[in-house]
Amino acid sequence: MLQIYNSLSGKKEQFIPIEPGKVKMYVCGMTVYDYCHIGHARVLVVFDVINRYLRKLYGDENVTYVRNITDIDDKIIARAIENGEDIGTLTQRFIEAMHEDADALGVMRPDIEPRATEHMDNIINMIQTLIDKGMAYQGDNGDVYYQVSKFKDYGKLSKKNLEDLQSGSRVEVEQAKRDPADFVLWKMAKPGEPFWESPWGQGRPGWHIECSAMSRHCLGEHFDIHGGGLDLKFPHHENEIAQSEGCSGHKFVNYWIHNGFVRVDDEKMSKSLGNFFIIRDVLKNYAPEVIRYFILNSHYRSPLNYSDENLDRAKASLSTLYQSLLDIEPIDVPLDENSDYAKRFFQAMGDDFNTPKAISVLFDMSHELNRLKNSDKAQAQELAAQIKHLAHILGLLENDPQAFLQSGAGEGGLSDDEINDLIAQRAQAKADKNWAESDRIRDVLVAADILLEDTPEGTRWRRK
RNA sequence: GGCUGGAUGGCAGAAUGGCUAUGCAGCGGAUUGCAAAUCCGUGGAUCUCGGUUCGACUCCGGGUCCAGCCUCCA
């Protein structure tokens, strides 16, 4: 049982795949001209969890997850010129960087990762079909436009209508367009710009048609789920619908999923506002799973406020979970899907991917594990295994507990050796019952954000 | 101006027509040389005004405030 909030209807709907037992999902990926920021991290992680959960329900081999790469675009061209760099070199560099960031965050690779430049034939064919059907035209400037008025359902996703769009238009209208709402499918190359040959002249595709062509090629004319950030709903996804349905004459996508924004000080994090944080910079101070936890601890459709305080809180919460897994070796058993915990977890996930609620189940398990550790070791090991199985669906608790708790050595901080050295000195002071000295050493460590725990087996430490 | 979504305890963040969210922080107790971790217990919230109802935070209507889209954006 899976309910998904469908942006198209504005309601939660039961998920029913087109082909029973198989799921096809397409998510709009990055335009590769710069490093990914936390807003991108949210899309990556949110749809990674959706992908993981779908695979859990339907089986790995029955889910096809496509996430595209936009590797030709005005911004890419501008950046390449700015850098005095070849476009292919630029995009390749940032594709690699994106993969590094995604891998670091524990994001599973999509099954297919199409690149716009590798689908020029499909793009051109699709544009030609639209022209043949009278839904697109070539303007006086040579550019090819989609004629929005020819698609009666235009606006059905974003709940806009053409009159509103026209009256609210904020940009100067391109003369070659018949209607201000028309959008470009094929753009003529200016001198010096990269181009592909086409029936309309040398040029490059518009952004929207790329996704229509790539999704059709990878998943067919009609598939189950299409996702992306909320900012793509209009015009990008609206235009995709117009193109794909205009071309095929039938429905394009059954379920549209949009994740909410990451905000900074109650404002959307974005390139244009300049208030963005790059994933790789944040990773210098926080473990990857802390970022994942931070993202998954709120519902994917809610706004998410980025701040150090919130990341610190995420780290403290995640540490609590890891703390319970310390000193307990999970046994090798499969997930028990009939346990109350698993049922609650799946119920939460099945209700429009309610990850915060699913995480709360993990905490309930963690508390029971702490109790069990002192009473029933065997049961504790079993429960630890179950926690890890469920957390794995969220991509959490994948590290060794001690390694996680001791991670985060920042620049200028104490090294592990220095810490162990101080702990040894303190152990001697403790043995001598020199409490003043042992407390002094502990204060030194605390000042360096190193927390100590004395256990019957000796002193343990972790980084705050 | 048009459209969309939101407003929950100190903070973060779920759920729900009557029944403990959860986490971080706080408080009391157990434990500890003292701490930490852990366990047991505990205080604290539903923007505002009306309406429907035996009962609403939850449903309906008005208001206020916030965010987003209408241009590139995850």
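Lettering of chains follows the sequences in order, A, B, ..., and the numbering in each one begins at 1.
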With a 6.0 Å cut-off (strictly less than), is the heavy-atom count around [atom1] of [X], excluding the residue itself, greater than 12?
X: Asp265(A); atom1: CG; result: no
X: Lys464(A); atom1: NZ; result: no
X: Lys150(A); atom1: NZ; result: no

Quick one: sort the [X] and [Y] rings into parallel, tilted or perpendicular, breaks at 30° and 60°.
X: His258(A); Y: Trp256(A); answer: parallel
X: Tyr53(A); Y: Phe353(A); answer: perpendicular
X: Tyr322(A); Y: Phe404(A); answer: parallel

Under 4.0 Å from any atom of RNA chain B, heavy atoms only: list the residues of [range] that qualify, in numerical order.
range: residues 366-386 of chain A; result: His367(A), Asn370(A), Arg371(A)
range: residues 430-455 of chain A; result: Lys430(A), Trp435(A), Ser438(A), Asp439(A), Arg442(A), Leu452(A), Glu453(A), Asp454(A)
range: residues 226-243 of chain A; result: Gly228(A), Gly229(A), Asp231(A), Leu232(A), Phe234(A), Pro235(A)
range: residues 25-37 of chain A; result: Gly29(A), Met30(A), Thr31(A), His37(A)
range: residues 39-53 of chain A; result: Gly39(A), His40(A), Val43(A)

How far, in whole Å, is [M] from [N] if one measures between their [atom1] atoms?
N: G23(B); M: U4(B); atom1: C1'; value: 31 Å
N: C65(B); M: G28(B); atom1: P; value: 42 Å
N: U32(B); M: G44(B); atom1: C1'; value: 30 Å
N: C47(B); M: A7(B); atom1: P; value: 8 Å
N: A45(B); M: C66(B); atom1: P; value: 26 Å

With the threshold set at 4.0 Å, does a side-chain nitrogen-carboxylate oxygen contact exist between Asp71(A) and Arg115(A)?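 Yes, this pair counts.
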- Item | Presence of salt bridge, Asp231(A) and Lys268(A), under 4.0 angstrom |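 Salt bridge present between Lys268(A) and Asp231(A).
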So what does [X] hit on the nucleic acid, given a heavy-atom distance under 4.0 Å: a base, only sugar-phosphate, or nothing?
X: Arg344(A); answer: nothing
X: Arg460(A); answer: nothing
X: Val262(A); answer: base
X: Lys268(A); answer: base

I'd like to know if the side chain of [X] and the backbone of [Y] have a donor-acceptor N/O pair within less than 3.5 Å.
X: Gln406(A); Y: Trp461(A); result: yes
X: Asn6(A); Y: Lys11(A); result: no
X: Arg292(A); Y: Gly106(A); result: yes

My validator wants the stems of RNA chain B: runs of 3 or more consecutive Watson-Crick or G-U pairs, both distances under 3.5 Å, written as range with range.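 In RNA chain B, stems of three or more pairs: B:1-7 with B:64-70, B:10-12 with B:22-24, B:26-30 with B:38-42, B:47-51 with B:59-63.
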Please list all pairs passing the salt bridge (Lys or Arg N to Asp or Glu O under 4.0 Å) test where one or both residues lie in [range], with sequence neighbours left out.
range: residues 340-350 of chain A; result: Arg344(A)-Asp364(A)
range: residues 388-400 of chain A; result: Arg52(A)-Glu398(A)
range: residues 314-330 of chain A; result: Asp327(A)-Arg460(A)
range: residues 235-245 of chain A; result: Lys156(A)-Glu245(A)

Run the ring-ring contact (aromatic ring centres under 6.0 Å, His included) test on Phe252(A) and Phe223(A) for me, step by step, so that the C-alpha distance in whole Å, both residues' side-chain angles and the decisive distance to 0.1 Å come before the verdict. CA-CA 7 Å; Phe252(A) 173 42; Phe223(A) 55 93; 5.3 Å; yes
**Message:** Given U38(B), U22(B), C72(B), identify the nucleotide with an atom nearest to the side chain of Phe363(A).
**Reply:**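 Out of U38(B), U22(B), C72(B), the nucleotide with an atom closest to Phe363(A)'s side chain is U22(B).
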Protein heavy-atom contacts under 4.0 Å, written 5' to 3' over nucleotides 8-17 of chain B as B (base), S (sugar-phosphate only) or - (none), form the string ---BSSSS--
With the side chain counted from C-beta on, respond yes when Asp454(A) and Lys430(A) share a heavy-atom pair under 4.5 Å apart, and no when they do not.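 Yes, side chains in contact.
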Modelled atom types, side-chain donor and acceptor of Gln428(A) and Asp432(A), under 3.5 Å:
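Indeed, the side chains of Gln428(A) and Asp432(A) share at least one donor-acceptor pair under 3.5 Å.
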_For a quick check under 3.5 Å, do Asn239(A) and Tyr154(A) share a side-chain donor-acceptor pair by atom type?_
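Result is yes, a qualifying pair exists.
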task: Provide the full list of side chain to side chain donor-acceptor pair (under 3.5 Å) pairs with a residue in residues 28-37 of chain A, sequence neighbours left out, each pair given once.
output: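 Output for this query lists Asp34(A)-Arg79(A).
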